[in-house]
Novice: 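Quick one: this structure, given as structure tokens, is what I'll be asking you about.
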Amino acid sequence: MSDAPLPVFDGHNDALLRLAGRPPGDPRAFLERSEAGHLDLPRAREGGFAGGMFALFVPSKRKREQKPERSESGYDVPLPEPPKLAEAQRATLALAASLFRIEAASDGRLKVVRTVGELRSCLADGTLAAVLHIEGAEAIDPELDMLEVLYHAGLRSLGIVWSRPNAFGHGVPFRYPSSPDIGPGLTEAGERLVRACNRLGILIDVSHLNEKGFWDVVRISDKPIVATHSNAHTLCQVSRNLTDDQLKAIRDSGGMVGVNFAVSFLRRDGHNQADTPLATIVEHVDYLIERLGVDGVGFGSDFDGATMPAELGDAAGLPRLIDALRERHDEATLRKLCTENWLRVLEATWRA
Ligand code: ZN
């Protein structure tokens with residue numbers, strides 16, 4: 001193992017949502033080391049987690065209705081009702097505020113970045129770079145007023161849907177085995193949202209989007225197509241993963257995929273079991289490199305949002321994954337996977 005861990009920029013984490021369960025307004029929960037979840041500042045530093053997309057996610061009510069239906073071959077999780085606009089806005093502002101409070105309490109150790117220049121200087125000087133991302137656009141009104149405001153607050157990445165349907169489109173329910181081709185494409189408001197994101201320079205994330213919506217984004221967007229946290233459907237046939245046709249479209253657009261470490265999107269059997277070897281992540285990385293080229297793959301851990309392979313553990317375990325990849329890839333490739341591909345795509349998407 002090399003001395004200093006290779007810096008990693010990561011496409012997706014749910015740390016803000018996990019911390020929202022702590023006493024509200026206490027930013028120390030992220031700044032102090034904990035054994036809970038997967039990501040905090042000390043573990044990020046230990047593992048070389050140098051920055052990432054921090055998701056603002058509006059939780060669903062009535063979780064009981066989300067009980068998965070299991071069969072011999074797999075599962076299907078019924079989708080919860082979408083939240084109301086006011087409720088979604090309140091939850092989104094609360095999580096955004098929690099990130100700004102962490103930034104303020106961090107004494108310069110964490111910065112919310114809004115430009116590629118800011119991101120690059122954080123990667124150079126060891127400041128943890130946080131990019132504001134919304135996972136599901138429920139907080140955005142169809143007139144897109146909230147989009148303008150959130151952009152000025154720092155929003156630089158947006159998933160049109162989490163898996164729930166909303167005013168803009170339809171996501172994939174969590175279903176295994178299943179194709180992602182479930183339900184209709186983007187609504188008219190969804191098409192306007194894509195154009196507005198292109199104009200503002202907000203990355204559009206197709207993870208969670210269903211296949212018809214995906215092809216609508218490919219048709220409408222003039223920016224690289226990016227799935228921040230998804231895997232290869234050929235290797236794990238869950239609705240959340242990308243088919244070879246989708247991967248080809250991502251490649252043709254100059255886009256990329258952040259490999260998701262969630263075991264249920266990695267394993268061929270789709271099981272949610274932590275005893276999943278690190279080699280399973282390596283398999284998806286290799287397959288995606290084969291399909292997308294070495295410039296089209298990065299990481300999108302899903303830390304704090306999913307079951308991780310026990311061999312990885314948490315953000316502090318990233319060097320073990322890099323070492324496993326180092327057995328098959330040279331340093332130039334590792335740097336692309338860890339940071340450079342994300343930088344290239346963000347440079348092509350953001351306005352500055
Ligand atoms: Zn997600």
Side-chain angles (χ1 to χ4, degrees), residues 9-20 37-39 52-60 63 66 68 75 77-80 82-83 88 91-92 95-96 99 130-140 155-166 168-176 178 180 182-183 202-211 213-214 217 225-233 236 238-242 246 250 255-267 270 272 281 284 288 298-309 312 314-315 342:
F9 182 86
D10 180 67
H12 191 87
N13 75 73
D14 290 303
L16 298 175
L17 185 68
R18 178 177 67 79
L19 294 166
H38 309 120
L39 183 62
M53 311 272 196
F54 281 65
L56 313 179
F57 171 71
V58 181
S60 302
K63 282 233 165 72
Q66 266 185 282
Y75 60 85
V77 186
L79 285 173
T92 298
L95 289 183
L99 181 59
V131 174
L132 260 188
H133 166 84
I134 60 175
E135 183 169 34
E138 281 92 350
I140 295 176
L155 182 73
R156 291 294 179 274
S157 173
L158 173 149
I160 299 170
V161 289
W162 179 68
S163 285
R164 292 174 301 229
N166 64 26
F168 305 102
H170 297 258
V172 283
F174 295 90
R175 190 182 290 171
Y176 175 97
S178 171
I182 306 165
I202 296 174
L203 180 130
I204 298 160
D205 175 16
V206 298
S207 288
H208 289 277
L209 193 56
N210 66 356
E211 197 173 339
F214 173 92
V217 175
I225 304 298
V226 176
T228 61
H229 60 306
S230 292
N231 291 335
H233 194 268
C236 170
V238 67
S239 53
R240 273 282 280 103
N241 285 345
L242 297 153
Q246 290 179 300
I250 290 172
M256 68 177 285
V257 174
V259 174
N260 192 322
F261 305 158
V263 294
S264 52
F265 304 158
L266 288 168
R267 296 170 62 100
N272 191 32
I281 302 179
H284 280 265
L288 291 170
F299 300 123
S301 66
D302 227 339
F303 282 144
D304 284 342
T307 306
M308 295 289 122
L312 177 72
D314 54 21
W342 275 117

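Both ligands and their constituent atoms are indexed starting at 1 by order of listing. Just so it is clear, the values below take in all heavy atoms, side chains as well, and ignore hydrogens, waters and symmetry mates. This structure is a prediction, so every number in the text was calculated from the model and none was measured. Residue indices begin at 1 and follow the sequence shown.
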Novice: Report the distance from atom CG of Asp205 to atom OG of Ser230, rounding to the nearest 0.5 Å.
Specialist: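 The OG atom of Ser230 is 7.0 Å from CG of Asp205, to the nearest 0.5 Å.
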Novice: If you measure only the distance, is there a donor-acceptor pair under 3.5 Å linking the side chains of Thr307 and Asn272?
Specialist: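 Yes, because at least one side-chain N or O of Thr307 sits under 3.5 Å from a partner of the opposite role on Asn272.
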Novice: Looking at the Zn ion (ligand 1), is one of the N, O or S atoms of Asp14 less than 2.8 Å from it?
Specialist: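 Checking Asp14: none of its N, O or S atoms is under 2.8 Å.
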Novice: Does any N, O or S atom of His229, backbone or side chain, fall under 2.8 Å from the Zn ion (ligand 1)?
Specialist: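 Yes, His229 qualifies, because one of its backbone or side-chain N, O or S atoms lies under 2.8 Å.
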Novice: Describe, in one word, how the ring planes of Phe174 and His208 are oriented to each other, choosing from parallel (under 30°), tilted (30 to 60°) and perpendicular (over 60°).
Specialist: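 Rings of Phe174 and His208: perpendicular, over 60°.
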Novice: What N, O or S atom of Glu135 is found closest to the Zn ion (ligand 1)?
Specialist: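 Going through the N, O and S atoms of Glu135 one by one, OE2 ends up nearest to the Zn ion (ligand 1).
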Novice: Could you state the interatomic distance from OG (Ser207) to CG (Leu242), rounded to the nearest 0.5 Å?
Specialist: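 Output value for this atom pair is 6.5 Å.
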